[in-house]
S.K.: 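Supplied in structure tokens, the structure appears directly below.
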Amino acid sequence: MTLISKKKITYPVGERLQQYLVEYDRATTLPVTYADLARFTGAYPLLDRQGNDTLWETVYYEPNALRELSQGLTEVYALLKTAGDLSFTRHLLADRIDYCRFGNSQPFRVRIVNQLNDNHDYFYVKKADASRVYGLELEHILSPNSITYLLNGNTLIEEHIAGIPGDDFIRRHLSRPHLNEVRMAKEFVKFNERCFARLLGDMRAYNYIVDVTLDFEDEQYRVRAIDFDQQCYEGKKNMYLPQFFKDNRAIVQLCSRLLKPENIRQYQAEERTLMARRARSERHRLKDLIDCLRHDTISTPEKVSQLKQELNRHHGTGQFSRCRGMGDVVRLNLKLMLMPPKKT
């Protein structure tokens with residue numbers, strides 16, 4: 001079983017990373033901060049439709065504070081969705097704010113309702129952490145998924161990523177008679193490869209979602225990470241391979257049953273090729289980000305040393321021994337995994 005640190009260290013967003021975020025339009029000034037939302041006066045458990053505890057609490061505020069927060073939160077939503085065009089906010093209302101004590105970022109989840117048609121959407125307000133910011137950026141650059149987020153000081157705003165939570169998908173959907181098992185297995189192999197290439201850790205089932213899309217003949221699946229706190233933080237190599245987490249066992253068994261080794265190698269090669277193409281098309285942005293990471297500290301010396309040793313063994317090389325920090329490790333791991341194979 002893969003074990004993670006009991007409590008991840010939170011690393012501040014440094015000046016170099018802050019400059020990067022300004023250059024790429026991720027930094028802004030917000031009307032509501034994490035500290036503002038933290039001044040709630042009470043909370044009660046939020047239950048799902050079956051009456052089970054969701055580990056979230058719905059919080060409430062003094063009436064005057066709630067009115068100010070609601071207006072500010074609709075403006076934050078406008079910044080996130082329409083680049084700050086406030087003409088769309090007159091019909092919007094922040095009708096519920098949930099809080100989760102579980103997890104490193106201790107997020108608030110804000111539900112925004114359009115009063116004209118009762119349609120609702122969510123976004124998250126979290127404590128800023130450099131590890132998470134690097135994770136969001138690497139996801140945006142190297143994965144097939146674009147990511148929208150904003151940073152203001154110690155406050156991180158993230159869009160909601162829609163999909164079926166991984167643990168819920170495994171429990172309720174994996175055994176559906178109409179599930180295209182081969183496609184699901186293929187996508188998990190690709191997701192596993194993406195996580196390992198960019199060293200995104202802790203992809204237990206509740207830290208990713210499964211996005212199901214109806215195709216003209218069948219269903220397509222995409223596994224998407226939704227938690228980026230463990231971006232290149234842990235020292236154990238298996239932390240970056242979702243296949244080694246116990247609660248992913250059912251999907252791993254599905255892959256083992258349906259996919260031959262040559263199938264798995266093919267899908268891994270396909271995903272590495274796609275990542276390499278994205279890296280080339282965004283090479284200037286990726287270089288700027290990796291340069292920030294190489295000058296930053298987002299893990300402990302002990303974990304960096306352990307990961308260098310394990311990646312040396314995995315890749316059959318000694319190159320990781322020359323890495324000074326996690327930024328060098330990520331850079332070299334991407335280089336080794338995404339470079340085209342030598343022709344024979």
Side-chain angles (χ1 to χ4, degrees), residues 1-5 8-9 11 14 16-17 20 129-143 189-203 225 227-245 264-265 267-269 271-280 282-344:
M1 182 176 67
T2 301
L3 298 176
I4 65 168
S5 302
K8 178 192 169 294
I9 299 171
Y11 293 95
R16 185 183 288 264
L17 180 55
Y20 170 93
D129 172 41
S131 301
R132 189 173 188 91
V133 173
Y134 284 118
L136 288 164
E137 276 297 302
L138 286 169
E139 178 77 2
H140 182 76
I141 295 171
L142 294 176
S143 85
V189 169
K190 287 173 165 275
F191 175 65
N192 196 74
E193 197 72 4
R194 285 199 301 272
C195 291
F196 185 57
R198 43 76 67 93
L199 297 179
L200 175 63
D202 193 20
M203 283 299 106
D227 192 310
F228 303 92
D229 286 338
Q230 297 279 345
Q231 173 62 50
C232 58
Y233 172 73
E234 292 289 347
K236 189 174 179 59
K237 181 203 73 176
N238 287 356
M239 259 295 299
Y240 304 105
L241 289 160
Q243 70 189 76
F244 287 108
F245 287 97
I264 293 175
R265 289 193 295 270
Y267 300 148
Q268 289 171 330
E271 193 59 32
R272 288 196 299 268
T273 300
L274 290 173
M275 291 183 71
R277 288 174 181 168
R278 296 181 197 114
R280 286 194 296 270
E282 293 285 353
R283 59 188 177 277
H284 299 299
R285 182 171 184 162
L286 181 59
K287 181 183 182 301
D288 289 345
L289 181 68
I290 296 297
D291 284 347
C292 290
L293 183 53
R294 293 176 70 193
H295 287 85
D296 216 337
T297 299
I298 59 171
S299 189
T300 66
E302 295 78 15
K303 293 181 185 297
V304 174
S305 178
Q306 180 186 7
L307 187 58
K308 289 193 297 184
Q309 294 174 23
E310 296 200 13
L311 289 177
N312 271 334
R313 288 194 295 269
H314 176 83
H315 290 287
T317 184
Q319 296 180 70
F320 286 95
S321 299
R322 298 193 293 269
C323 295
R324 293 172 296 178
M326 276 298 189
D328 289 340
V329 173
V330 173
R331 179 173 178 267
L332 180 56
N333 200 55
L334 284 172
K335 179 181 177 181
L336 293 178
M337 292 194 65
L338 303 188
M339 69 169 56
K342 294 181 180 180
K343 296 181 180 180
T344 56

S.K.: Can Arg285 and Glu137 be counted as an ion pair, charged N to O under 4.0 angstrom?
M.R.: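 Salt bridge: yes.
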S.K.: Is there a donor-acceptor pair closer than 3.5 Å between any side-chain N or O of Thr273 and the backbone N or O of Ala269?
M.R.: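 Here the side-chain-to-backbone pair exists.
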S.K.: Heavy-atom distance under 4.5 Å between the side chains of Leu199 and Leu334, does that happen here?
M.R.: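 No, too far: nothing below the 4.5 Å cut-off.
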S.K.: May I ask you to check whether His314 and Phe196 place their ring centers less than 6.0 Å from one another?
M.R.: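 Between Phe196 and His314, which both carry aromatic rings, the centre distance is below 6.0 Å.
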S.K.: Would you please say whether a donor-acceptor pair under 3.5 Å links the side chains of Glu310 and Gln306?
M.R.: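 Note: Glu310 and Gln306 side chains meet the donor-acceptor criterion.
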S.K.: Sequence neighbours left out, what passes side-chain hydrogen bond (donor to acceptor under 3.5 Å, both in side chains) with His295? Give chain and number order.
M.R.: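 Once residues adjacent in sequence are excluded, His295 has no partner under the side-chain hydrogen bond (donor to acceptor under 3.5 Å, both in side chains) criterion.
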S.K.: Under 4.0 Å between a Lys/Arg side-chain N and an Asp/Glu carboxylate O for Glu271 and Lys190?
M.R.: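 Salt bridge between Glu271 and Lys190, a charged N being under 4.0 Å from a carboxylate O: yes.
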S.K.: Any salt bridge between Arg198 and Glu139, counting N to O under 4.0 Å?
M.R.: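 Salt bridge: yes.
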S.K.: Do the side chains of Glu234 and Lys8 get nearer than 4.5 Å, heavy atoms only?
M.R.: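 Not in contact.
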S.K.: With sequence neighbours excluded, what pairs up with Tyr267 under the ring-ring contact (aromatic ring centres under 6.0 Å, His included) test?
M.R.: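 Expected list: none.
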S.K.: Under 3.5 Å, side-chain donor or acceptor atoms of residues 322-331 against the rest of the protein: list the pairs with distances, not counting sequence neighbours.
M.R.:
from: Asp328; atom 1: OD1; to: Arg294; atom 2: NE; distance (Å): 2.6
from: Asp328; atom 1: OD1; to: Arg294; atom 2: NH2; distance (Å): 3.4
from: Asp328; atom 1: OD2; to: Arg324; atom 2: N; distance (Å): 3.0

S.K.: Under a 4.5 Å cut-off applied to non-hydrogen side-chain atoms, are Leu200 and Gln230 in contact?
M.R.: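 Contact flag for Leu200/Gln230 side chains = no.
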S.K.: Begin with the C-alpha distance, continue with both residues' side-chain angles, and end with the deciding distance and a verdict on side-chain contact (heavy atoms from CB on, under 4.5 Å) for Tyr233 and Ser299.
M.R.: CA-CA 5 Å; Tyr233 172 73; Ser299 189; 4.0 Å; yes
S.K.: Before accepting this row, confirm whether a basic side-chain N of the pair Arg16/Asp291 lies closer than 4.0 Å to the acidic partner's carboxylate O.
M.R.: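 Not counted as a salt bridge, because no side-chain N and carboxylate O are separated by less than 4.0 Å.
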S.K.: About how many Å separate CD of Gln231 and OH of Tyr240, when rounded to the nearest 0.5 Å?
M.R.: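 Tyr240 OH to Gln231 CD: 8.0 Å, rounded to 0.5 Å.
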S.K.: With the threshold set at 4.0 Å, does a side-chain nitrogen-carboxylate oxygen contact exist between Arg132 and Asp227?
M.R.: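 Answer for the salt bridge query: yes.
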S.K.: Please evaluate residues Phe245 and Asn238 with respect to the criterion side-chain contact (heavy atoms from CB on, under 4.5 Å), reporting the C-alpha separation (whole Å), side-chain torsions for both, the decisive distance (0.1 Å), and the verdict.
M.R.: CA-CA 9 Å; Phe245 287 97; Asn238 287 356; over 6 Å; no
S.K.: Measuring from atom CE of Met275 to atom CD1 of Ile141, what distance do you get when rounded to the nearest 0.5 angstrom?
M.R.: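 If I round to the nearest 0.5 Å, the distance is 10.5 Å.
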S.K.: Which heavy atom of Cys292 sits nearest a heavy atom of Tyr20, and at what distance?
M.R.: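 What the structure gives for the nearest pair is SG-CB, 3.8 Å.
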S.K.: Let me see the working for Tyr134 and Asp296 under side-chain hydrogen bond (donor to acceptor under 3.5 Å, both in side chains), right down to the final yes or no.
M.R.: CA-CA 11 Å; Tyr134 284 118; Asp296 216 337; 2.8 Å; yes
S.K.: One pair to check against side-chain contact (heavy atoms from CB on, under 4.5 Å): Leu241 and Cys195. What are the steps and the verdict?
M.R.: CA-CA 7 Å; Leu241 289 160; Cys195 291; over 6 Å; no
S.K.: To the nearest 0.5 Å, what is the distance between CG (Asp288) and CZ (Arg283)?
M.R.: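 Asp288 atom CG to Arg283 atom CZ measures 12.0 Å (nearest 0.5 Å).
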S.K.: Hey, what's the ring geometry for His315 with Phe320, parallel, tilted or perpendicular (30° and 60° as the breaks)?
M.R.: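 Ring orientation of His315 relative to Phe320: parallel.
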S.K.: What distance separates Leu142 CG from Leu286 CG, expressed to the nearest 0.5 Å?
M.R.: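 Leu142 CG to Leu286 CG: 5.5 Å, rounded to 0.5 Å.
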S.K.: Quick check: do Phe191 and Pro242 have side-chain heavy atoms less than 4.5 Å from each other?
M.R.: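 Heavy-atom side-chain distance check passes, below 4.5 Å.
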S.K.: Nearest 0.5 Å, please: how far is CG in Asn312 from OG1 in Thr317?
M.R.: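 Between atom OG1 of Thr317 and atom CG of Asn312 there are 6.0 Å.
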S.K.: I'd like to know if the side chain of Ser321 pairs up with that of Lys308 as donor and acceptor (distance under 3.5 Å, no hydrogens or angles considered).
M.R.: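 Looking only at side-chain atoms, Lys308 and Ser321 do not form any donor-acceptor pair under 3.5 Å.
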S.K.: Working note: Met239 + Asp202, criterion side-chain contact (heavy atoms from CB on, under 4.5 Å); need CA distance, chi angles, decisive distance, verdict.
M.R.: CA-CA 6 Å; Met239 259 295 299; Asp202 193 20; 3.6 Å; yes
S.K.: Under the 3.5 angstrom rule, does the side chain of Asp129 hit a backbone N or O of Tyr11 as a donor-acceptor pair?
M.R.: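 At least one qualifying donor-acceptor pair exists.
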S.K.: In Å and rounded to the nearest 0.5 Å, what is the CG to CG distance from Leu138 to Leu293?
M.R.: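 Taking CG in Leu138 and CG in Leu293, the distance rounds to 7.0 Å.
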